[in-house]
Number of protein chains: 2
Amino acid sequence: MRPTTKDLAKAAGVSLATVDRVLNERPNVSARTVKKVQDAIERIGFVRNIAAVNLARNRTYRFRFVLPEKGDQYLKELLREVAAANAALKPDLVSVDVAQVAIEDPHAVANYLSSLEAGAVDGVAVMAPESPQARDAMSRLCERGIKVVQFLSGQENLEKLDFVGVDNVAAGATAGRIMGRFSAGRAGKILIVAETILSQDSIKRRLGFDRVINRCFPGLRSLPTLETHSDLERAARIVKTAFDHNPDIVGVYVVSPEARVPLEAIARFADLKKFVVVAHERTPFSEQALREERVDAIIAQNPGHAVRSAIRILRARADHLEPVAAQERIRIEILLAENL
Amino acid sequence: MRPTTKDLAKAAGVSLATVDRVLNERPNVSARTVKKVQDAIERIGFVRNIAAVNLARNRTYRFRFVLPEKGDQYLKELLREVAAANAALKPDLVSVDVAQVAIEDPHAVANYLSSLEAGAVDGVAVMAPESPQARDAMSRLCERGIKVVQFLSGQENLEKLDFVGVDNVAAGATAGRIMGRFSAGRAGKILIVAETILSQDSIKRRLGFDRVINRCFPGLRSLPTLETHSDLERAARIVKTAFDHNPDIVGVYVVSPEARVPLEAIARFADLKKFVVVAHERTPFSEQALREERVDAIIAQNPGHAVRSAIRILRARADHLEPVAAQERIRIEILLAENL
DNA sequence: GGCAAATTGAGGTACGCACCTCAAAAAATG
DNA sequence: CATTTTTTGAGGTGCGTACCTCAATTTGCC
């Protein structure tokens, strides 16, 4: 039988009240007594029963994901995963919801975060680009006792905050390696498309990508990043210009998470199958494109894993526990048609 | 405030005892009353508090992983992950241990499984190749009320059993695609090495591999599978013969999970860097080899995910719940030096 | 209508722990 | 030494649910 606090009290030669004081770090316990209890914990292998703890504390967890207002398919996947997690974790007294904010506006993000009260939410997962305003707002949230994790974006700014997501330099490097090796030794240029070059994430990916291309694939050269601003017409125009000026394009790398706009733009006047196409994030569009060989590889971070990981971390922090680091590292996935 | 059974009773206009009867599917409740309670559950959004349920039931979960007796580094990883899961889940009243059995002997597996008593274990995760004996033993375990999942091996034999692991045909196909595209259009032969060709897993991987190679890469041709039987000397001998007979080998595909023996055998007389080398499973050896470019890609199934997934499934089954399918699919990972 | 059977209600105990109060004992202080 | 302060113990209540018993009520059947 599993030892209970009662057994622990007996083993330590103290009363239940004292065991309680030690376990919950209440004041007025002598160092000697603390040690007696801790030794007994070791000796009999006492482990707190979380179910009982949560029941007695009558604890619930309310977490919120702060996500972009605008987006395409990847955002939809994230919303779906949050909703799924909310349903799945209800029996565990965890409730999760979403606030959609104009994350491209640092003031909007900061305002929203400042408006949160500790009574309303126990933790937030924030997906917002780096900005001094957002950074300050997050710090202030922490001070008010609300746990914060940075979600899929902006891992640079606050080391003391947990981060859920991939190392974007490595993700870019992975894309670069795939691009290089899939090019089968051909020489030429690589078209690089992003939604905006202002995003730190895109900058990092490009950095990793270029590093690998330059170091390992001398026949290939990356062109300057084109910006779509999520505008199909604009994208088609500038992409066409790029193709006209560079007849020797052998590959296309879509840096930003929503690949639909840039790839549909290119498909208007070129056959994607003729290039090595690497994109980020699995969405219905990119999945379909991979199946039809219009895309050769997708570099992805699993949104379901990311959401669940963020929740586990918030919960651990709320309980003053250390998250299990190994389990929480989000992998950089490489998706081909065969391992979808 | 979250509704409790008390609130539910009031909302349904019945007593607590009746709510209890409905929730736990006890007999002697009229259909009309059941409906009243279920409607009320919907209406007020009642969700059972798992912490309280487990506490009241005083439930504990004892699971066992049945793993091979002999093995190399991948087995070690599995053992490590099981131990880690055991430590991490202790507060949740889950205990996990390992029994190492000579899984290559169907009788040994069957004997071991038959010896398990329902009182000692609530569920087992069995990693054993397909065999009528093992199959029967698993079925009988189920009948005795012990939950069973097939772990990383043998998904064909019993559809009614849960399976944790990847589709090995797809894993082989993924390896084939990587092999083909990384070969950069060169023509030649591919050396294929397995520990034994008797394993269903290896057969399936080879099947998927060949399918992709034959269909998509006409310049490449797979050689017959060589068997190492985990014997370095033997492996070195037969591998050398193969290289002598086939000077146009461009790639090496190690089908079985433990890549150390075959690759060290080859490295004795050839430079692995000159070939495209694809292997399965991440181990300290394969990871190091990938870093040093002696291996070009690793196709892996994350042992940590697999272990945790098996446990979640066993737990769900023990509670008569349906596991969350989406979360439990083990991904076929492609590892390069960049996304380790 | 009378009877048995099925259904429902009331109330209790237990699970392991948190958190509270009050009193008793021990230690520190002067 | 007496006094204050710190430490410890004893005991209670409650968290939300499971599971049990016994009595009361309703239903179905002949």
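Order of the sequence lines sets the chain letters (A, B, ...), proteins ahead of strands, with each chain counted from 1. Because the structure is predicted, anything quoted here is derived from the model rather than measured.
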A:Ser30 side-chain N/O to D:dT7 phosphate OP1/OP2 under 4.0 Å: no

Greater than 12 external heavy atoms within 6.0 Å of A:Arg329's CZ: no

Whole-Å gap separating C1' (C:dG16) and CD1 (A:Ile44): 13 Å

Euclidean distance, atom CZ of residue A:Arg26 to atom C1' of D:dG9 [Å, nearest integer]: 15 Å

Distance, rounded to the nearest Å, where A:Asp92 contributes CG and D:dT17 contributes P: 13 Å

Nearest-neighbour nucleotide for the A:Ala17 side chain, C:dG9, D:dG9, C:dA18 considered: D:dG9

Spacing between B:Arg32 atom CZ and C:dT7 atom C1', to the nearest angstrom: 11 Å

Between D:dG9 (P) and A:Leu8 (CG): distance, integer Å: 12 Å

5' priority, DNA chain D, between B:Asn49 and B:Arg21 [closest heavy atom]: B:Asn49

Contact nearer the 5' end of DNA chain C, comparing B:Ala56 with B:Ala31: B:Ala31

Closest to the B:Val29 side chain, choosing from C:dC19, C:dT8, D:dG16: C:dT8

Protein-nucleotide distance (A:Leu16, atom CG; C:dC19, atom P), rounded to Å: 15 Å

Nearest-angstrom distance from the residue atom CZ of A:Phe46 to P of C:dC17: 4 Å

Main-chain N/O of B:Lys36 paired with B:Asp39 side-chain donor or acceptor, under 3.5 Å: no

Position toward the 5' end of DNA chain D (nearest nucleotide), B:Ala51 or B:Asp20: B:Ala51

Selected nucleotide, minimal atom distance to A:Asn24 side chain, candidates D:dG9, C:dC19, D:dC15: C:dC19

Rounded distance in Å - CG (B:Asp7) to P (D:dG16): 9 Å

Ion pair B:Glu143/B:Arg140, N-O distance below 4.0 Å: no

Distance-only polar pair, side chains of A:Tyr61 and A:Asp319, donor-acceptor under 3.5 Å: yes

Phosphate OP1/OP2 of D:dA18 contacted by B:Arg48 side-chain N/O (<4.0 Å): yes

A:Arg315 side chain to A:Phe63 backbone, donor-acceptor under 3.5 Å: no

Residue-phosphate contact under 4.0 Å: A:Asn28 side-chain N/O, D:dT6 OP1/OP2: no

Polar side-chain contact A:Arg57-D:dG14 base: donor and acceptor under 3.5 Å: no

Contact under 4.0 Å: B:Ser15 side-chain N or O vs C:dG9 OP1/OP2: yes

Phosphate OP1/OP2 of C:dG9: any B:Thr18 side-chain N/O under 4.0 Å: yes

